[in-house]
Amino acid sequence: MKYLILICLTLSCASVNATTCPDTSAYDKAREVIADLGKITTPNGVQDAFTLEVNGTVQAVNVRGKDRNNPILLFVHGGPASPLTPGMWQFQRPLEDYFTVVNWDQRGAGKTYLLNDLDTLKQHMTIDDFVADTIAIAQQVTQRYGKEKVILMGHSWGTIVGMQAALKRPQLFYAYVGVGQVINTRENERLSFDYAQQQAKQHNNTEAIAELAELAPYPGDQPLTRDRIVGARKWAQYYGGLSAYRTESGYFYRAARLSPEYNAEQVCSINKGSMFSLELLLEEFLAVDYSGVKQFPIPVVMLMGRHDYTTPSAPTAAWLQQVKAPQKHGIWFEHSAHMLLWEEPGRFVVELVNVVRPMAQ
């Protein structure tokens, strides 16, 4: 079942079975330790968790940083419906020395999934809705914390939303940072499948060779159904296309159970939200193509995993080479795939501090 959830587009989704809620009580003492370690104690720090009314929905927001004078980093999570808040304890604390980091659970995701009427929400689950939410949250957090603009960063599915928000309302943002950027969905699928076939043959994996042969040609002319995508992604991820040098990414999928930000019901809502959102967004997601964007209105930074075959980095590098922007930077993470925040966290902080943070000063 794990690979079924991994289809959540750029595969930054939640864990194993969307119908089974894990018992998190065994982790209570560990969550207390993590909460204490992550407590913001600096006099000018910020540690806020609240809800905002956003375009007819209620959305859960989390804001953390050691010094509220730092620039705001607004983080658009992946998925769809794979919130970063329950896993931020794993990687975010060093960023909080240099940025005020804003995460929120998007419509249909995590805590936000629980806060809204699903029948009503179903009527407003398009990429344009997510883009409008991003713009509205950027406006509200700048007002709340007395800032002129924010730095906008997207991961995976969040890059589809973030890039469009930056193109639509560039005046709200100092810069755009894409992590595991999606440029063209169908091209990503082709590259991921080709990599899986190459690795399967190289390792003489007869099971993988047979399963992939049944899908070929891929994506081909057949509809890109969920089952076809799951089958194609399964082996690319097994051979390190999600986390470099790893066959699985349990550190990510089970992180929410240790999160001090999420109770048991909210942990369960991650999987429920993933399935809810995927059904409504898959068709539109598969049509995404930013390759025709030749001008970008604000500085753009692309952080690319060398081994990423979930949202392969080659199309991003090619797009960055031809686009015109006030500033542009392409930064390769040589020992990362799609999960470079977790895979090379030190390098991730260094690049954001040295390259991105000055854009907000």
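Remember, it's a predicted structure, so these values are computed and weren't measured experimentally.
Residue Pro170 comes nearest to Pro297 through the heavy atom pair CB-CG, 3.6 Å, listed as atom of the first residue, atom of the second, then distance. The two residues Leu167 and Gln295 come nearest to each other via the heavy atoms CD2-O, 4.1 Å. Across Pro315 and Pro312, no two heavy atoms sit closer than the pair CD-O, 3.3 Å. Residues Ala49 and Asn62 share a closest heavy-atom pair of CB-ND2, 4.2 Å. Summarising the geometry of Thr134 relative to Leu74, their closest heavy-atom pair is O-CD2, 4.1 Å, with the distance given to 0.1 Å.
With contacts defined as side-chain heavy-atom distances shorter than 4.5 Å, the pair Gln164/Phe130 does not qualify. Proximity of Leu73 to Val150: side-chain heavy atoms (C-beta onward) are nowhere separated by under 4.5 Å. Annotation: side chain of Leu341 is in contact with side chain of Phe75 (closest heavy-atom distance under 4.5 Å). The closest side-chain heavy-atom distance from Phe296 to Met163 is below 4.5 Å. The closest side-chain heavy-atom distance from Arg357 to Asn70 is below 4.5 Å. At a threshold of 4.5 Å between non-hydrogen side-chain atoms, the residues Leu121 and Met125 count as touching. Considering only heavy atoms from C-beta on, Thr24 comes within 4.5 Å of Arg31 through its side chain. With a 4.5 Å cut-off on side-chain heavy atoms, Leu352 and Met153 count as touching.
Ring geometry for Tyr113 against Phe276 counts as perpendicular: the plane angle is over 60°, on a 0 to 90° scale with 30° as the lower cut. Ring planes of Tyr251 and Trp342: tilted class, angle from 30 to 60°. Using bins of under 30°, 30° to 60° and over 60° for the plane-to-plane angle, the ring pair Tyr245/His335 lands in the tilted bin. Using cut-offs of 30° and 60° on the angle between ring planes, the pair Phe193 and Tyr218 is tilted. Classification of the Phe348-Phe333 ring pair by plane angle, with boundaries at 30° and 60°, yields tilted.
Applying the salt bridge (charged side-chain N to carboxylate O under 4.0 Å, His left out) test to every pair with at least one member in residues 103-125, sequence neighbours left out, gives these pairs: Arg107-Asp133.
Cluster membership for Leu52 and Ile135, using ILVMFWY side-chain heavy atoms within less than 4.5 angstrom, is shared. No continuous path of ILVMFWY side-chain contacts below 4.5 Å connects Leu115 to Val54, so the two sit in separate hydrophobic clusters. Note on Val350: it does not cluster hydrophobically with Met359, by side-chain heavy-atom contacts below 4.5 Å among ILVMFWY residues. Follow the hydrophobic side-chain contacts under 4.5 Å out from Val61 and you never reach Ile40; the two are in separate clusters. In terms of hydrophobic clustering, with Ile, Leu, Val, Met, Phe, Trp and Tyr side chains grouped at heavy-atom distances under 4.5 Å, Trp89 and Leu95 are assigned to different clusters.
Side chains of Asn44 and Thr42: no donor on one and acceptor on the other come within 3.5 Å. Side-chain N/O atoms of Ser25 and Asp23 include a donor and acceptor closer than 3.5 Å. Counted by atom type alone, Tyr145 and Asn69 present zero donor-acceptor pairs between their side chains at under 3.5 Å. Under the 3.5 Å distance criterion, with hydrogens and angles disregarded, a donor-acceptor pair is assigned to the side chains of Gln322 and Lys294.
Counting non-hydrogen atoms of neighbouring residues, nucleotides and ligands closer than 6.0 angstrom, the CD atom of Gln171 exceeds 12 such neighbours. The number of heavy-atom neighbours closer than 6.0 Å to CD of Glu284, taken from other residues, nucleotides and ligands shown, is above 12.
Listed for the Thr142 side chain is a donor-acceptor partner under 3.5 Å among the backbone atoms of Ala138. Side-chain N or O atoms of Arg228 include one that pairs as donor or acceptor with a backbone N or O of Pro219 at under 3.5 Å. Of the possible polar contacts, none joining the Gln90 side chain to the Ala255 backbone as a donor-acceptor pair under 3.5 Å is found. With hydrogens and angles ignored, the 3.5 Å screen pairs no side-chain donor or acceptor of Glu261 with any backbone N or O of Thr85. The main-chain N or O of Gln266 is found under 3.5 Å from a side-chain atom of Ser269 such that the two form a donor-acceptor pair. Looking at Glu53, its side chain never comes within 3.5 Å of a backbone N or O of Val58 through a donor-acceptor pair. Glu343 contributes a side-chain N or O that, together with a main-chain N or O of Ala244, makes up a donor-acceptor pair within less than 3.5 Å. With hydrogens and angles disregarded, no donor-acceptor distance shorter than 3.5 Å links the side chain of Ser313 to the backbone of Met304. Judged by distance alone, with hydrogens and angles left aside, the side-chain atoms of Ser192 form no donor-acceptor pair with the main-chain N or O of Asn188 at under 3.5 Å. Although no hydrogens or angles enter the test, the distance criterion places a donor-acceptor pair under 3.5 Å between the side chain of Arg68 and the main chain of Gly45.
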**Message:** What verdict does the side chain to side chain contact (heavy atoms under 4.5 Å, CB included) test give for Met339 and Leu242, after you've listed the backbone C-alpha separation in whole Å, the side-chain angles of each residue and the deciding distance to 0.1 Å?
**Reply:** CA-CA 6 Å; Met339 310 298 285; Leu242 183 63; 4.0 Å; yes
**Message:** Quick one, Ile72 with Ile151, criterion side chain to side chain contact (heavy atoms under 4.5 Å, CB included). Give me CA distance, side-chain angles, the key distance, then yes/no.
**Reply:** CA-CA 6 Å; Ile72 289 177; Ile151 299 164; over 6 Å; no
**Item:** Criterion side-chain hydrogen bond (donor to acceptor under 3.5 Å, both in side chains) on Asp308 and His338, from CA distance to verdict
**Value:** CA-CA 5 Å; Asp308 190 348; His338 189 62; 3.0 Å; yes
**Request:** Quick one: do Tyr27 and Glu32 satisfy side-chain hydrogen bond (donor to acceptor under 3.5 Å, both in side chains)? Show the steps, please.
**Result:** CA-CA 9 Å; Tyr27 305 100; Glu32 291 176 8; over 6 Å; no
**Asked** When you look at Asp129 and Thr126, which way does the side-chain hydrogen bond (donor to acceptor under 3.5 Å, both in side chains) test go after all the steps?
**Response** CA-CA 5 Å; Asp129 291 316; Thr126 68; 3.0 Å; yes
**Asked** Is there a side chain to side chain contact (heavy atoms under 4.5 Å, CB included) between Arg169 and Gln139 once you walk through the steps?
**Response** CA-CA 10 Å; Arg169 294 293 297 276; Gln139 292 171 322; 3.2 Å; yes
**Prompt:** Hey, mind stepping through Val288 and Tyr290 against side chain to side chain contact (heavy atoms under 4.5 Å, CB included) and telling me if it holds?
**Reply:** CA-CA 7 Å; Val288 167; Tyr290 285 135; 4.2 Å; yes
Output side-chain donor-acceptor pairs under 3.5 Å for residues 196-204, partner residues at least two apart or in another chain, one line each.
from   : atom 1 : to     : atom 2 : distance (Å)
Gln198 : NE2    : Gln202 : OE1    : 2.6
His203 : ND1    : Gln199 : O      : 2.9

Which donor-acceptor pairs under 3.5 Å do side chains of residues 97-104 form with protein atoms, sequence neighbours excluded?
from   : atom 1 : to    : atom 2 : distance (Å)
Asp97  : OD1    : Lys66 : NZ     : 3.1
Asn103 : ND2    : Gln92 : OE1    : 2.8
Trp104 : NE1    : Gln59 : OE1    : 2.9

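For the pair Arg233 and Glu189, the salt-bridge criterion is met [side-chain N within less than 4.0 Å of a carboxylate O]. The residues Lys234 and Glu211 are annotated as salt-bridged, a charged nitrogen and a carboxylate oxygen being separated by less than 4.0 angstrom. Between Glu96 and Arg93 no salt bridge is recorded (no basic side-chain N to carboxylate O distance below 4.0 Å).
In summary, of the residues considered (Ile183, Leu191, Thr185), a side chain to side chain contact (heavy atoms under 4.5 Å, CB included) with Glu187 occurs for Leu191 alone. Shown are Trp235, Tyr239, Tyr195; of these, the ring-ring contact (aromatic ring centres under 6.0 Å, His included) with Tyr309 is made only by Tyr195.
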